[in-house]
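A, B, ... follow the sequence lines: proteins, then strands. Residue 1 opens every chain. Hydrogens, waters and symmetry mates are skipped; everything else that's a heavy atom, side chains included, is used.
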Amino acid sequence: MRPSGLTAVALQEALRKMHLIRLFEEKAESLYALGKIHGTMHLSIGQEASAVGACLALKPDDYILSTHRGHGHCIGKGAEPKLMMAEFFGKDVGYCRGRGGSMHIADVAGGNLGANGIVAGGIPLSTGVGLSIKMQQLGKVCLTFFGDGAANEGAFHESLNLAAIWQLPVVYICENNRYAMSMPVEAAFPIAQISQRAVAYNMPGVTVDGNDLFAVYEAVKTAVTRARAGEGPSLIETITYRWRGHSKSDRQRYRTREEVKAWQARDPIAHLEQQLLRAGLLDEAQLAEIAAAAQQTIEASVAFAEAAADPDPASILEGVYA
Amino acid sequence: MRPSGLTAVALQEALRKMHLIRLFEEKAESLYALGKIHGTMHLSIGQEASAVGACLALKPDDYILSTHRGHGHCIGKGAEPKLMMAEFFGKDVGYCRGRGGSMHIADVAGGNLGANGIVAGGIPLSTGVGLSIKMQQLGKVCLTFFGDGAANEGAFHESLNLAAIWQLPVVYICENNRYAMSMPVEAAFPIAQISQRAVAYNMPGVTVDGNDLFAVYEAVKTAVTRARAGEGPSLIETITYRWRGHSKSDRQRYRTREEVKAWQARDPIAHLEQQLLRAGLLDEAQLAEIAAAAQQTIEASVAFAEAAADPDPASILEGVYA
Amino acid sequence: MLKQMEAVAAGGETAVTRELTYAQAVREALQLAMTRDEKVFMLGEDIGVYGGAFGVTDGLYEQFGPERVRDTPISEAVIAGAAVGAAMTGMRPVAEIQFMDFITLSMEQLVLQGAKIRFMFGGKATVPLVLRTPAGSGTGAAAQHSESLEAWFVHVPGLKVVMPSTPYDAKGLLLAAIEDDNPVIFVEHKLLYRTKGHVPEGYYTVPLSQSEVKRPGRDLTVVATSIMVPRALEAADILAQEGIELEVVDPRTLKPYDAGTVTQSVIKTGKALVVHEAPKTGGFGGEVVAEIVSGAAFDYLEAPVRRLAGLDVPIPYNRELERTAVPQVEDIVREARALVQGAY
Amino acid sequence: MLKQMEAVAAGGETAVTRELTYAQAVREALQLAMTRDEKVFMLGEDIGVYGGAFGVTDGLYEQFGPERVRDTPISEAVIAGAAVGAAMTGMRPVAEIQFMDFITLSMEQLVLQGAKIRFMFGGKATVPLVLRTPAGSGTGAAAQHSESLEAWFVHVPGLKVVMPSTPYDAKGLLLAAIEDDNPVIFVEHKLLYRTKGHVPEGYYTVPLSQSEVKRPGRDLTVVATSIMVPRALEAADILAQEGIELEVVDPRTLKPYDAGTVTQSVIKTGKALVVHEAPKTGGFGGEVVAEIVSGAAFDYLEAPVRRLAGLDVPIPYNRELERTAVPQVEDIVREARALVQGAY
Ligand SMILES: Cc1ncc(C[n+]2csc(CCOP(=O)(O)OP(=O)(O)O)c2C)c(N)n1
Ligand SMILES: Cc1ncc(C[n+]2csc(CCOP(=O)(O)OP(=O)(O)O)c2C)c(N)n1
Ligand SMILES: [Mg+2]
Ligand SMILES: [Mg+2]
């Protein structure tokens with residue numbers, strides 16, 4: 001139950017990140033409701049174990065690429081919530097100088113090559129990153145997240161094929177949260193498991209419980225080890241669920257409240273807490289402390305972001321060209 | 001050995017078409033060498049059984065879509081060589097009024113929705129044709145040809161998935177002639193058989209000897225029957241070989257003469273002739289007669305095309321808009 | 001005036017004051033077209049139960065069912081390709097690409113197949129399809145959800161490009177586009193969806209390729225597209241108080257483009273400003289300017305012909321930067337005033 | 001003159017008469033860049049043993065091996081995307097799209113990712129990539145193998161677009177493009193591949209964004225791109241015999257576009273004709289015209305500013321139709337003469 005190689009400190013940190021994700025997004029939601037944030041956002045509440053479990057298998061200088069639903073991946077990879085929040089507020093000190101916003105948060109220095117507003121848009125990039133790693137013999141791995149919906153884009157196909165024939169160090173993580181906006185996986189796919197598509201590229205394909213940090217970690221760890229050893233790419237499907245609507249405008253007519261409730265009963269954070277408690281790694285007080293500290297971090301990030309300066313409109317062209 | 005449901009007349013006609021394809025292309029080649037034809041062309045000599053065997057499983061009002069290497073499919077579907085030859089010469093009476101040329105020959109009235117200059121370009125179209133058939137309840141089938149190279153395009157993936165979830169009457173035929181231009185299938189694919197990709201779309205996938213008319217016919221017939229019964233799409237891979245270079249400019253540095261010779265020893269036309277002889281369906285004299293008649297048809301088509309008028313340059317805009 | 005006449009001609013419309021939003025007008029056109037012709041059907045992402053990312057197709061799934069209002073997987077290449085294939089064989093598809101940005105994934109099927117098939121086949125195939133897509137910035141959705149790519153399609157022989165600015169035009173042009181036997185790219189603007197205007201009940205069409213003078217004026221011809229039409233009209237109101245009268249012309253159909261209406265206008269005003277949201281460099285404005293200065297209007301020109309358009313920048317997220325990236329009413333006022341007053 | 005100075009500056013070049021074809025010049029640039037910087041590598045279809053569809057990369061596979069001259073499957077989206085991903089993480093890829101037509105399959109990765117990533121990430125990423133691709137008609141390859149799509153990319157903030165017309169420029173501009181830290185679309189013309197011209201040995205660059213006057217003249221400014229440059233020069237030779245002197249300007253880099261050189265030229269000649277192969281409607285010519293008439297040259301204009309460009313038609317197969325579809329020398333002669341003589 002306690003995956004080999006994970007220290008108590010690492011597990012504590014994982015739990016902390018899962019809290020940060022949830023709290024960051026709950027805060028984002030209320031800021032939006034208050035009209036402090038414009039645009040749109042895609043919340044990953046309910047999917048925290050997938051993001052954090054996957055990133056837990058990486059070294060700090062490995063790469064990730066992420067999606068429109070990317071806050072979790074970003075925090076999982078170690079981003080600073082205050083710089084994320086500042087970006088969310090469109091501030092100059094934000095990760096993208098206010099130019100990217102929620103859907104494009106990147107932390108290039110931290111190995112996060114960006115959220116992506118385009119479904120499957122990051123998949124070909126990650127294949128190129130894998131190529132780059134291999135050609136420069138960097139010994140790194142590139143992990144790329146995408147949703148179930150992305151697995152029906154042509155880019156998915158071309159990318160997995162290329163990574164397979166060139167044996168690139170890329171781990172493809174399909175976060176199957178059962179819907180692509182309103183499209184249920186049952187309607188969008190003729191197959192039961194998206195990981196079955198690995199057959200078409202002769203790479204390992206596994207499906208795991210995406211709400212179980214350990215299950216995700218173990219599967220990704222195996223794939224990362226493989227990739228680092230030069231044995232090529234893998235496809236991992238994490239089964240999870242988003243508690244919120246697709247984005248702010250979603251009336252959720254395509255699913256029932258009961259379904260949402262049933263998944264909420266499988267809260268990945270509560271699940272991990274139970275696991276840690278049962279394993280005697282943390283006690284209730286420590287759990288509460290972690291949650292409280294996370295809460296404080298998020299509050300501080302809002303204060304930081306609100307106080308920060310907007311980018312100067314006169315600087316608008318900065319960053320278009322190098 | 002004699003597939004059920006095929007009459008002697010049908011087999012004779014199939015053999016005739018295979019001769020027509022070979023002779024059409026040999027003629028095309030020499031006309032090009034003489035400078036009578038410009039542009040480029042992609043010859044399917046050596047692949048005749050795949051084209052003719054597949055079309056043999058269709059009714060006249062079924063649809064096909066084809067590729068840059070499309071003369072065989074066109075003749076297989078019943079096109080008139082003289083109108084093809086006229087198009088090849090760029091004449092106004094040609095199938096496309098001289099606007100399309102070799103790479104775009106279409107015979108819309110005859111159910112041939114066109115060769116295609118874009119690798120995999122016809123695959124999404126065929127999916128739409130399948131949808132159209134289904135929505136109008138036409139009871140037809142759409143058969144789409146493409147090469148091994150096309151199976152690595154994103155469009156392949158999106159199209160097969162859509163046809164599978166909507167159970168469209170489309171038969172996807174991958175003519176695996178071992179190379180995409182210079183790229184050998186061994187380098188382009190991480191899997192041994194392209195038909196294995198059918199697994200990703202939960203549709204039947206089979207690989208057959210593409211140089212054996214009967215093998216191709218049987219597999220396609222099964223798929224067509226299935227499609228017509230509303231049971232959805234299939235993927236068929238026909239293993240074959242092009243005797244000529246990819247196009248006129250190919251120095252063929254990527255393969256050996258021995259390899260070409262070995263495949264020439266497996267001539268699909270000679271193979272069918274042997275089968276028909278052995279089955280006692282045709283004798284040597286009849287075989288010679290069929291070949292001679294085909295030769296005459298091609299000669300006549302050249303005469304027809306050479307005598308035909310060029311399109312009037314002043315008519316150039318005709319056909320851009322309806 | 002013209003509008004009312006058209007409406008009357010189309011069926012004795014009397015409730016001339018009926019107002020709809022632009023989104024409702026689009027929906028009504030879809031509804032009428034699907035009712036009238038069973039070959040018309042829709043396909044796209046989340047257009048069914050969800051009602052479309054902007055609610056435009058709301059209720060159509062319930063009315064016409066899943067066969068005719070088809071939710072697709074996220075597969076923009078085959079959405080376009082399936083529409084072309086269906087159009088070639090007897091159907092009249094109306095495809096939706098959820099944001100114009102994503103049309104970058106459909107380009108091959110639209111441009112190399114849909115647009116060219118008829119010509120390549122010697123005129124022996126017909127491809128009657130409409131591809132609807134919402135464009136434009138102003139929603140805080142940043143660089144990958146704010147594209148205005150109409151200029152690309154204007155450059156493609158075989159396609160038509162329509163870009164309505166009012167609910168009235170949206171309905172009439174969409175019905176005309178669906179009637180048309182060619183592939184038509186129909187560009188809606190997200191910020192226009194909630195704008196209201198007079199829309200007659202019943203079936204009517206606005207002919208493709210007729211520019212319209214949205215406001216007559218003597219001092220400067222402003223050629224504006226899509227969201228820039230209401231902005232130009234607002235600018236005209238402001239400048240009218242200074243005694244400057246703008247003539248605002250809306251091409252409505254960008255391809256084939258009715259340059260004659262603009263030429264006539266410029267012959268009258270002697271000055272022209274072209275306004276669009278898309279980045280200036282390589283935008284549709286170049287086409288408009290080039291048509292103005294190539295012919296009959298040249299001799300009447302009294303001032304340089306100018307473009308006011310988006311900056312050459314991906315659309316930024318920050319609200320103020322986003323506003324800065326594309327022309328606003330005050331920018332049009334400033335540029336128009338400068339041209340009229342010769343202060344260039 | 002300028003050319004020779006540059007060459008001398010670049011390394012004491014003496015064999016000033018060395019001639020290469022345009023294809024050889026491109027190859028030499030690739031060879032020099034790969035030799036100089038191990039981060040530079042190539043990927044594309046059939047660029048290895050085959051040597052490229054037009055033989056441009058011939059011998060590079062043998063010299064640099066399969067790791068640096070990478071044959072890909074037929075997967076244009078991931079060719080572009082892999083180049084972007086590699087460029088973001090320390091490599092300097094030179095991707096090839098076998099025919100410009102097929103770039104329609106790469107649009108999302110190029111336009112929504114490659115071009116925007118740097119900006120969307122607040123300037124914190126760099127995407128130094130070059131995408132080479134052969135464009136143009138004249139080979140009898142018909143509508144899906146003859147595209148000239150440069151205008152699309154000119155309209156995309158974040159991209160640069162280069163389109164050389166001579167072997168000298170091809171080499172120097174390609175080396176500059178590979179040195180550049182931005183994504184550059186490098187458009188080669190199939191019919192130019194065999195044309196010959198002076199190309200110094202050794203490493204030199206031609207700066208991006210400098211238009212060049214290829215022939216000075218007093219009567220009419222002809223702005224021509226790519227294959228239209230030699231055609232315009234030929235037309236100039238013909239008209240010179242009638243006493244008409246054309247000034248031929250080649251932008252060379254279409255984005256960022258050096259409009260100033262053209263403006264200076266038009267101030268001198270008072271007249272302008274823009275010539276390109278791509279269809280006229282929505283083409284780069286609109287940009288050139290709009291820049292001419294928006295500023296300092298306006299007051300010097302003595303005649304309408306005209307475009308001579310491809311017809312709005314997919315490229316036909318038939319040889320004569322194909323010729324008819326795009327400007328030929330005689331068309332340039334006719335249009336130029338008419339403008340100079342005031343017969344418009
Ligand atoms: C190419 C493209 N098509 C469509 C969209 C609009 N869109 C954004 S997210 C989304 C659903 C994505 O579903 P999935 O990949 O399962 O990810 P999830 O939202 O469930 O996390 C859609 C259709 C887009 N952003 N990009
Ligand atoms: C999208 C696209 N990419 C590349 C090409 C250039 N091209 C034409 S045919 C070909 C090889 C196709 O291989 P395959 O699909 O196996 O068909 P084959 O030629 O072997 O019949 C290539 C690369 C093209 N026409 N379209
Ligand atoms: Mg999902
Ligand atoms: Mg092949």
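- The structure places CD1 of I118(A) at 5.5 Å from CD of E108(D), a figure rounded to the nearest 0.5 Å.
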Side chains of residues 78-91 of chain D: which donor-acceptor pairs under 3.5 Å do they make with residues two or more places apart or in other chains?
unit_1: T89(D); atom_1: OG1; unit_2: S132(A); atom_2: OG; d: 2.8
unit_1: T89(D); atom_1: OG1; unit_2: G85(D); atom_2: O; d: 2.9
unit_1: T89(D); atom_1: OG1; unit_2: A86(D); atom_2: O; d: 3.2

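- Minimum interatomic distance between V320(A) and R118(D) (heavy atoms only, all atoms of both residues): O-CD, 4.3 Å.
- Proximity to chain D is limited to the side chain of N116(A), based on heavy atoms less than 4.5 angstrom apart.
- Among E318(A), H157(A), R99(A), the residue with the largest count of heavy-atom pairs under 4.5 Å with chain D is R99(A).
- Neither the backbone nor the side chain of L65(A) has a heavy atom closer than 4.5 Å to any heavy atom of chain D.
- Put simply, of E76(D), K39(D), K124(D), the one with the most heavy-atom pairs under 4.5 Å next to chain A is K124(D).
- If you tally non-hydrogen atom pairs under 4.5 Å between each of A125(D), G123(D), P73(D) and chain A, the highest count goes to P73(D).
- When heavy atoms are compared at a cutoff of 4.5 Å, L131(A) approaches chain D solely by way of its side chain, counted from C-beta outward.
- Nearest heavy atom pair, residue A77(D) against residue P124(A), reads O-CB, 4.4 Å.
- For L159(D), the part lying near chain A is the backbone, with the side chain staying farther off; criterion is any non-hydrogen pair under 4.5 Å.
- With chain D as the partner, the residue from G121(A), A322(A), G100(A), A155(A) showing the most heavy-atom pairs under 4.5 Å is A322(A).
- Of the atoms belonging to Y95(A), it is backbone heavy atoms, and not side-chain ones, that fall under 4.5 Å from chain D.
- Proximity to chain D is limited to the side chain of V108(A), based on heavy atoms less than 4.5 angstrom apart.
- T72(D) places a side-chain heavy atom less than 4.5 Å from the side chain of W166(A).
- Residues G114(A) and F121(D) come closest through the heavy atom pair CA-CZ, 3.7 Å.
- Within the 4.5 angstrom heavy-atom criterion, only side-chain atoms of N161(A), from C-beta onward, approach chain D.
- Atom CD of E38(D) has 12 or fewer heavy atoms from other residues, nucleotides or ligands within 6.0 Å.
- You'll find the side chain of R68(D) reaches within 4.5 Å of the side chain of M135(A), heavy atoms only.
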